[in-house]
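Side chains are part of it too, since the values below use all heavy atoms of this structure and drop only hydrogens, waters and symmetry mates.
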Amino acid sequence: MSLNPTDIVRAILEAAPDALAVSSLGTATSALRAASDDGPHLYMGGSMGTALAAALGVAEKRPDRTVLALLGDGETLMGAGSLWSLAGLAPRNLLAIVLVDGHYSITGGQALGVPDVFAGVAAALGLHTATARTADEVAEHVANLPRPGLLEVRYEDRAWPGPSPFVDAPVVRWRFEAAATAR
Amino acid sequence: MLTSPTWQQTLADALLEAGVEVAAWVPDKRLAPIGRRLAERGVPLRTLTREEECFGYAAGYRAAGGLPVVLAQCSGLGNSLNAIGSLVIPYGLAFPVVLSMRGTLGERNPAQMPLGRTTVATLDALGVQAFPLRDPDDAARIVKGAVAVAEGARVLAPILLEAELEL
């Protein structure tokens, strides 16, 4: 059975149940909402290209917590400089996870039009990297890949995850801040 | 011999006293003494790849309960509009920003003029009030006020380092 984005995020959360997650707009936000039953995560409703940067800020403020950046592939391209920052700041608690289907889903499924190479670029930057294609591989790498790292998850089932990616921003911020500062 | 602190040092010290914990910046000559002073006093200075990334980083740091500052040239504001307009403002993630003004009095680079001329208008169009700093003696007072606006009134609080500071 081929993986869809919600299956992937569910496997991620099972492997890191206490993590603070930041999701990029579109597929990642919708999948995280579905897989976490609207858990108190930092869902991006817009600001394409800044999710990994925001996750860096979260990781540096909360070095005691595991932080996950759930990123679309188009998102990662738009904020590609943050891969360099991830390597430069090198937070020991941050894992970037790129959901790679080769397409801009929320705008209608247009092809990326550029090489969908993420783990290879991250490896060149000195980050720990892995590629997963099954839920078991996702869970194993989320549990074991050293940080800072980048996990590339390749999938083909491009069914839309479901929940709206248009979130109520102040509510998201308030719930996330409460979760991030709880302990 | 004791020397009195420069306005840049006073500004950095005021940020620290107001509770700023981290600074994100893209290097700039006029901001460098501020960043250096912050780093000397134990505030991590994070050099990122683009101003928009600084706003994203600061938004995440703020959302996690911290107080960041962004240091950027005003031309970098142009690079940052999407992060400000669709993350910082709608999510209510307020923090101080120090914008070094280019493209204004004394500018010799034509490429700096358009974004210098439109900085205040751009912020205004986004509903963001800017706080100009022209007199070096006002540095501490304006920082204190800007951080109060960010923390208390919960809106983005940019301090503009105007050209008059150097003239």
>> Working to the nearest 0.5 angstrom, can you tell me the gap between B:Leu87 CG and A:Leu25 CG?
In response: 11.0 Å

> Could you state the interatomic distance from NZ (A:Lys61) to CG (B:Leu67), rounded to the nearest 0.5 Å?
Replying inline: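 Rounded to the nearest 0.5 Å, the NZ-CG separation comes out at 9.0 Å.
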
Search all heavy atoms of [X] against all heavy atoms of [Y] and return the closest pair with its distance.
X        : Y       : result
A:Ala169 : B:Pro90 : CB-O, 3.4 Å
B:Leu48  : A:Ser85 : CD2-OG, 3.7 Å
B:Tyr91  : A:Tyr43 : OH-O, 2.6 Å
A:Ser47  : B:Ser86 : N-OG, 2.7 Å

Joint hydrophobic cluster, [X] plus [Y], side-chain heavy atoms closer than 4.5 Å:
X        : Y        : result
A:Leu68  : A:Leu3   : yes
A:Val100 : A:Val153 : yes
B:Phe131 : B:Val143 : yes
B:Trp7   : B:Val43  : yes
B:Leu161 : B:Val149 : yes

Quick check on [X] against chain B: is it the side chain, the backbone, both or neither that has a heavy atom closer than 4.5 Å?
X        : answer
A:Leu56  : both
A:Val22  : neither
A:Val167 : side chain

> Would the number of heavy atoms belonging to other residues, nucleotides or ligands and lying under 6.0 Å from CH2 of A:Trp160 be above 12?
Replying inline: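 Enclosed: over 12 neighbouring heavy atoms sit under 6.0 Å from CH2 of A:Trp160.
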
> Is A:Glu156 atom CD crowded by more than 12 heavy atoms from other residues, nucleotides or ligands, each under 6.0 Å away?
Replying inline: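 Atom CD in A:Glu156 is not packed in, count stays at 12 or less.
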
>> Do B:Tyr57 and A:Leu89 make a side-chain contact, defined as non-hydrogen atoms from C-beta onward lying under 4.5 Å apart?
In response: yes

>> For chain B, which candidate among A:Ala51, A:Ala54, A:Ala180 shows the most heavy-atom pairs at distances under 4.5 Å?
In response: A:Ala54

>> Among A:Ser82, A:Gly88, A:Ala178, A:Ala53, which residue has the highest count of heavy-atom pairs closer than 4.5 Å to chain B?
In response: A:Ala53

>> Treating A:Arg62 as the side-chain partner and B:Ala64 as the backbone partner, does any N or O pair qualify as donor plus acceptor under 3.5 Å?
In response: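 Between the backbone of B:Ala64 and the side chain of A:Arg62 there is a qualifying donor-acceptor contact (under 3.5 Å).
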
> What part of B:Arg50 gets closer than 4.5 Å to chain A, counting heavy atoms only: side chain, backbone, both or neither?
Replying inline: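 Neither the backbone nor the side chain of B:Arg50 comes within 4.5 Å of chain A.
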
> Between B:Glu52 and A:Thr50, do the side chains contain an N or O donor and an N or O acceptor separated by less than 3.5 Å?
Replying inline: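 Result is no, nothing qualifies.
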
>> So which residue, B:Ala83, B:Ala58, B:Gly65, B:Ala24, ends up with the most heavy-atom pairs under 4.5 Å with chain A?
In response: B:Gly65

>> Using salt bridge (charged side-chain N to carboxylate O under 4.0 Å, His left out), reason through B:Arg62 and A:Glu177 one step at a time and then give a plain yes or no.
In response: CA-CA 8 Å; B:Arg62 189 77 175 118; A:Glu177 185 173 332; over 6 Å; no

